[in-house]
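One structure is given below, encoded as structure tokens.
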Amino acid sequence: MRVDDLPLSPEYVEHFRAEGIEELYPPQAAAVEAGVCEGRDVVAAVPTASGKTLLAQLGLLTADGPGLYVCPLRALAREKYEEFDALPGVSVGISTGDFDSPAAELADHDVVVATSEKVDSAVRNGAAWVADLACVVVDEVHLLGAPGRGPTLEVTLATLRRRAPDVQVVALSATVDNPEHVAAWLDAELVESDWRPVDLRTGVYADAAVRFDDGTTADVDGFDPDDPADGGDTEATAALVREAVSSGGQALAFVRSRREAERLADRLREEGLADAAEIGPDAAAVAEEVRDAGGTELGERLAESAAWGVAFHHAGLRSQHRSVVENAFRDRRLAVICATPTLAAGVNVPARRVVVRDQQRYTGTGTEWLPALEVHQMCGRAGRPHLDPYGEAVLVGDADDRDELWERYVEGEPEAVESQLRDRDALRTHTLALVATGIANSQAGVLEALGGTFYASRTPNPDLGGIVGDVIGELIEMDMLAPDDGGIAATELGEQVSRQYVTPRTGERLVAGLRTAAAMDPADVTPLTALELVCATPDMHDTYLGERERAAMYQYAREHGSELTTGMGETDDFEGWLESLKTARVLAELVEGVPPEELVADYRIGPGDLESRVERTEWLLGAAGAVAAVLGIDLPALESTRASLQPDSTEAP
DNA sequence: GTTGTTCAACTTTAGACAGCATGTC
DNA sequence: CTAAAGTTGAACAAC
């Protein structure tokens, strides 16, 4: 099937041809057969890089009305936004937490790209445009099975389908074990394929040789397993990377932790890989870009490394640094990225060879094998269309785990997608939201609304009644819901909590903290008071408290006790509270004017971690202000603290 | 006293969505 | 109370 054959206006056909697209890829053709262009619902379970974007565009461009593209990450949203924006005559909007088209304009765009939480939030805040949607594309639907975020996705989709019963849904999934279940839920045609535009061979390294799934075996150049220095997984990884690079390709190496990503990069840099890849001069420019994106010690190390064509990539990096690395690699100005698993789920960064050194991860209860889905996503980054003859993914192991790796990841099926909706916290949040938005006004109403979820479609007798009854009781206890006219209704507090997009537990904590603060001596209410209030909330992530820091934090807690809304004896999770106090302390120093570089060094936290905590704090302080207004509490420290966290007052221009 | 080496005990460990409301020289 | 790798620091040897 050719682009000319599609029911598209000539300008689009022209655009796609200009992009070099003539013939549709088989999965795309299958989706057209299934009716993406005629408004049919379609679930496509296909590998990354097999042309999902075009598939999404076919649905959106042929739909008779505005479209919505839902994706899980802000960086992905931006990437898609740019791709859609390149289409002739299509007006595109974007709506994510960090980057937002004006709300009034969203309704006027042909396509809006948004994160799933932002869509959920828009629904909760009564955005009218959702009811007019003709087509919704959901990228990475398999995240339905993600513990924290899956429920949001399924409830939001159920609500969207309720509000706009005729929307076309196009769902894009990674290869999973049960795509038919997702398709059955959406009553959609299933397109399933493992076709890829570039061949991928996956192999397992052990004992100085790689055994690939196409039956071939390969030695590793310049690698002597009998040399004691060449024995470990890291040495093998380095050799595999070096080999790919010296034959003119680029490589990605995945390791378990941030520190190891940096270490591996150091090690590879010492080998001077850039020369081999003939990207030397360009790499120097990348180093400059990294420096321009902000100077911390970590940033400087990244720049030095990038100058040699080798970068590292993890969430401790500021988002700007991350995107510099991603873009430079895509432009072939870097030879290697050593990364934690972040990179596997993120923006499109294909390489000739992918080396997965670590396949296990620490979980708090020992180390566990990574899900096959995750490893497949890493491996799927191998092979650049038009640039590489093939892609190669190599799992590094030793003789002992060779068979296990082979079974688990080369031959093994990816996991099934399973609903996480039964989770109490998730149900509490969504029950409140459903009532607050007026979708439901009784327990039966909530259950009925949840009837449209993936969970309900998978469970013959959805027995959510018990849990929903429980959480309604809790919400009434929290004064967020109240009995009303034989049913239930949201209180002013409940409505505000839902609109501010914080969890009920966070709302509860804010109420308690605000009441305490209101009763405190005003002279004791400082930025630290506001920050501790917000940091000791389930919606804020804690900061790791090192063994050596613990005593100092304890001391700090004692010294500043009068400013805090939590007494040291009051909490049943003292350790957890100390961790959140550390977060508050770091932010308090930032507010006082301590430069970020210093904080990063003093508290051993990544610049990216600091950045994300500042963002969350701004949001939560805003939410705290809204809750305070409901309670009739006036606490100027909330707003003033938030103001002094704003980028222009904390960062150099 | 200083520097170097070894080894055992201790420390650390991936990621990242979200609010709101607008005017001004 | 899991596991694997990195880091620290004590003990000791050589200078």
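Computed from a prediction, not measured in an experiment: that's the story for all the values here. Below, all heavy atoms of this structure are taken into account, side chains as well, without hydrogens, waters or symmetry copies. Letters A, B, ... mirror the listed sequences (proteins, then strands); counts begin at 1.
- For the pair A/Tyr362 and C/dT2, the criterion of a side-chain N or O lying under 4.0 Å from OP1 or OP2 is not met.
- Between A/Trp577 and A/Phe574, the ring planes lie tilted relative to each other; the angle falls in the 30° to 60° range.
- Checking side-chain atoms of A/Asp398 against main-chain N and O of A/Asp400 turns up a donor-acceptor pair under 3.5 Å.
- Taking side-chain N and O atoms only, A/Asn125 has a distance below 4.0 Å to OP1 or OP2 of B/dC20.
- When the nearest nucleotides of DNA chain C are assigned to A/Thr234 and A/Gly364 by heavy-atom distance, the more 5′-ward of the two goes with A/Gly364.
- OP1 or OP2 of C/dT2 has not a single side-chain nitrogen or oxygen of A/Arg361 nearer than 4.0 Å.
- Contact annotation: A/Thr342 does not reach the phosphate of B/dA14 (side-chain N/O to OP1 or OP2, under 4.0 Å).
- The interatomic distance linking A/Glu368 (CD) with C/dA4 (P) rounds to 13 Å, in whole Å.
- Mapping A/Arg259 and A/Thr367 onto DNA chain C by nearest heavy atom places A/Thr367 at the nucleotide closer to the 5' end.
- The distance from atom CG of A/Leu510 to atom C1' of B/dG19 is 13 Å, rounded to the nearest whole Å.
- Distance, A/Arg149 CZ to B/dA16 C1': 7 Å, rounded to whole Å.
- A straight line from CZ of A/Arg604 to C1' of B/dT13 spans 12 Å, rounded to a whole angstrom.
- Within 4.0 Å of A/Pro102, counting heavy atoms only, lies no atom of the nucleic acid at all.
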(Q) With side-chain hydrogen bond (donor to acceptor under 3.5 Å, both in side chains) as the criterion, how do A/Arg256 and A/Tyr362 come out once you've worked through the C-alpha distance, each side chain's angles and the decisive distance to 0.1 Å? (A) CA-CA 8 Å; A/Arg256 92 173 67 207; A/Tyr362 175 79; over 6 Å; no

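- For B/dG19, the base is not stacked against the aromatic ring of A/Trp619, per a cut-off of 5.5 Å between centres and 30° between planes.
- Residue A/Arg616 places no side-chain N or O under 4.0 Å from the OP1 or OP2 atom of B/dC17.
- Phosphate contact (OP1/OP2 of B/dC17, side-chain N/O of A/Thr152, threshold under 4.0 Å): absent.
- Here A/His314 lies in heavy-atom contact (under 4.0 Å) with sugar-phosphate atoms only.
- Taking 3.5 Å as the limit, the base of B/dG19 and the side chain of A/Arg642 contain a donor-acceptor pair of atoms between them.
- A/Leu153 places its CG atom 14 Å from the P atom of B/dC17, with the value rounded to the nearest Å.
- In this structure, A/Ile605 places its CD1 atom 14 Å from P of B/dA14, rounding to the nearest Å.
- Using a 4.0 Å cut-off, some side-chain N or O of A/Thr340 falls inside it from OP1 or OP2 of B/dG15.
- The residue A/Arg322 sits close only to the backbone: its heavy atoms come under 4.0 Å of sugar-phosphate atoms, none of a base.
- In this structure, A/Arg74 atom CZ and B/dG19 atom C1' are separated by 13 Å, rounded to whole Å.
- Contact check, A/Arg263 against C/dA5: no side-chain N or O comes under 4.0 Å of OP1 or OP2.
- A donor-acceptor pair under 3.5 Å links the side-chain atoms of A/Asp539 to the main chain of A/Thr503, judged by distance alone.
- Here A/Thr96 lies in heavy-atom contact (under 4.0 Å) with sugar-phosphate atoms only.
- Among the heavy atoms of the strands, none lies under 4.0 Å from A/Leu620.
- The pairing partner recorded for B/dA16 is none, the criterion being a Watson-Crick or G-U wobble arrangement whose two distances lie under 3.5 angstrom.
- When the shell of 6.0 Å around CZ of A/Phe99 is examined, it contains 12 or fewer heavy atoms from other residues, nucleotides or ligands.
- Rounded to an integer number of Å, the gap from A/Leu143 CG to B/dA18 C1' is 16 Å.
- Rounded to a whole angstrom, the distance from the C1' atom of C/dA3 to that of B/dA14 is 16 Å.
- When only modelled atom types and interatomic distance are considered, A/Glu532 and A/Thr565 share a side-chain donor-acceptor pair under 3.5 Å.
- Base pairing analysis places C/dC1 opposite nothing; no Watson-Crick or G-U wobble pair with both distances below 3.5 Å involves it.
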Q: Step by step, work out the side-chain hydrogen bond (donor to acceptor under 3.5 Å, both in side chains) result for A/Tyr603 and A/Arg585.
A: CA-CA 10 Å; A/Tyr603 294 99; A/Arg585 180 182 185 176; 3.1 Å; yes

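- Considering CZ of A/Arg74 and OG1 of A/Thr115, their distance stands at 8.0 Å, rounded to 0.5 Å.
- OP1 or OP2 of B/dG15 has at least one side-chain nitrogen or oxygen of A/Arg258 nearer than 4.0 Å.
- Closest-nucleotide positions on DNA chain B for A/Asp100 and A/Glu549 were compared, and the one nearer the 5' end corresponds to A/Glu549.
- Toward the 5′ end of DNA chain B lies the nearest nucleotide of A/Glu374, the other residue of the pair A/Ser121 and A/Glu374 mapping further downstream.
- With a 3.5 Å ceiling on both atom-pair distances, the Watson-Crick or G-U wobble partner of C/dG6 is B/dC10.
- Closest to the A/Glu547 side chain, of the nucleotides B/dC17, B/dT11, B/dT13, is B/dT11.
- Put simply, A/Ser612 has no side-chain N or O that comes within less than 4.0 Å of OP1 or OP2 on B/dA16.
- Applying the 5.5 angstrom centroid cut-off and the 30 degree plane-angle cut-off, the aromatic ring of A/Tyr501 is not stacked upon the base of B/dG19.
- Pairing for C/dC12 goes to B/dG4, judged as Watson-Crick or G-U wobble with the two contacts each under 3.5 Å.
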